[in-house]
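When a ligand or atom number is given, it counts from 1 through the structure's own listing order.
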Amino acid sequence: MLEAFLFVGYPYAALVLAVVVGILRFTWRPFSYSSLSSQFLENKQLFWGSGLWHWGILWVLAGHFVAFLVPDWILAWNAKPLRLYLLEASGLIMALLALMGIISLMVRRATSPRVKAVTTVMDWVLLAFLLLQVYTGIDTALRYRWGSSWYASNAVPYLRSLLMLSPKPEFIRPLPWMAKVHLLSGLSVILLLPFSRLVHVLVVPIWYYWRKPQVVIWNRRGLR
Ligand code: HEM
């Protein structure tokens with residue numbers, strides 16, 4: 001019963017709510033689809049915190065995504081111990097960068113008076129869940145080996161079964177409880193997506209890479 005609620009009901013509820021509220025927010029308040037930069041309020045800590053966080057988390061997410069697409073490749077890659085260690089070590093390093101980044105972003109929001117003034121409760125809820133997510137991932141990686149293999153062999157079939165609308169929670173039954181908390185907090189992050197500044201991940205401005213460069217010209221007298 002609890003298993004059905006947590007690993008079948010909750011994932012669908014989180015996904016449906018994220019999609020519906022995401023569409024409503026985009027329709028009603030399209031300009032709120034952003035992380036509202038705070039760079040002009042404080043830049044130094046943001047440079048390190050945001051840099052470490054985004055570098056780390058984007059590689060970690062890319063790893064999860066590739067394994068989701070081609071789990072058999074991951075299992076084949078991991079068949080040789082050296083390759084397995086390489087994959088696990090690089091994932092762990094990226095996750096540690098993300099951990100340092102998110103802690104630094106939290107310290108910044110708590111200590112910089114100007115950033116503190118514009119920080120909402122939802123910012124804190126989001127940062128807390130992201131911290132929990134990274135922490136439980138690292139803890140699982142350190143205590144239960146080898147996560148990249150059983151992610152491919154158990155978690156991916158479970159996630160795919162959800163997408164195919166034929167949920168099979170039995171795939172993740174044997175996983176350690178820490179990995180289950182990791183999964184649940186990941187679902188909570190998805191749920192928070194449309195309610196928080198995290199919506200910016202849905203509108204990454206990739207066209208910046210191929211648009212014409214902007215020329216900014218000072219228009220004040222004496223400034224040339
Ligand atoms: C290519 C993808 C991404 C881009 C281009 C991007 C860009 C940005 C930008 C411009 C900011 C605002 C920084 C500022 O205050 O000036 C930001 C903040 C943030 N991003 Fe991203 N982001 C991306 C992906 C992600 C992902 C995948 C996550 C989490 C799963 C994430 C979580 C956050 C959080 C939590 C903040 C707020 C940090 C704070 O000020 O406390 N971002 N991002």
Atom 21 (Fe) of ligand 1 - number of protein N/O/S atoms closer than 2.8 Å: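 If we list every protein N, O or S atom nearer than 2.8 Å to atom 21 (Fe) of ligand 1, we get 2.
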
Among all protein heavy atoms, pick the one closest to [atom] and tell me residue, atom and distance.
| atom | answer |
| --- | --- |
| atom 5 (C) of ligand 1 | Val204 CG1, 4.0 Å |
| atom 16 (O) of ligand 1 | Ser37 OG, 2.6 Å |
| atom 37 (C) of ligand 1 | Arg197 CD, 3.6 Å |

Trp124 atom CH2, over 12 foreign heavy atoms within 6.0 Å: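 Buried by this count: over 12 neighbours within 6.0 Å.
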
Other residues, nucleotides, ligands: >12 heavy atoms within 6.0 Å of Arg211 CZ: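 More than 12 heavy atoms, drawn from other residues, nucleotides or ligands, come within 6.0 Å of this atom.
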
Parallel, tilted or perpendicular: ring planes of Trp146 versus Tyr85, cut at 30 and 60 degrees: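 Trp146 vs Tyr85 ring planes: tilted.
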
Pairing residues for Thr136 by the side-chain hydrogen bond (donor to acceptor under 3.5 Å, both in side chains) criterion, not counting sequence neighbours: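 Expected list: His182.
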
Within the 4.0 Å heavy-atom shell around [X], which atoms of ligand 1 are there?
| X | result |
| --- | --- |
| Leu61 | 27 (C) |
| Gln39 | 16 (O) |
| Leu105 | 38 (C) |

Point-to-point distance, once rounded to the nearest 0.5 Å, from OG of Ser50 to CZ of Arg108: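 Taking OG in Ser50 and CZ in Arg108, the distance rounds to 8.0 Å.
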
Trp77 backbone acceptor or donor facing Arg83 side chain under 3.5 Å: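 Yes.
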
Tyr144 side-chain N/O to Ala179 backbone N/O, donor-acceptor pair under 3.5 Å: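 The answer is no, because no donor-acceptor pair under 3.5 Å joins these two groups.
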
Evaluation steps, side-chain hydrogen bond (donor to acceptor under 3.5 Å, both in side chains), between Tyr135 and Asp139: CA-CA 6 Å; Tyr135 171 77; Asp139 190 286; 3.2 Å; yes

Pick one of side chain, backbone, both or neither for how [X] approaches ligand 1, counting any non-hydrogen atom pair under 4.0 Å.
| X | result |
| --- | --- |
| Leu130 | side chain |
| Arg109 | side chain |
| Leu46 | side chain |

Sub-4.0 Å protein heavy atom next to atom 10 (C) of ligand 1: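 Protein heavy atom within 4.0 Å of atom 10 (C) of ligand 1: absent.
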
Carboxylate-amine/guanidinium proximity below 4.0 Å for Glu42 and Arg114: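 Answer for the salt bridge query: no.
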
Which atom of Asp123 lies closest to which atom of Val118, heavy atoms considered: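 So the two residues come closest at OD2-O, 4.0 Å.
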
Ring centers of His200, Tyr33 separated by less than 6.0 Å: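 So the answer is no for these two rings.
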
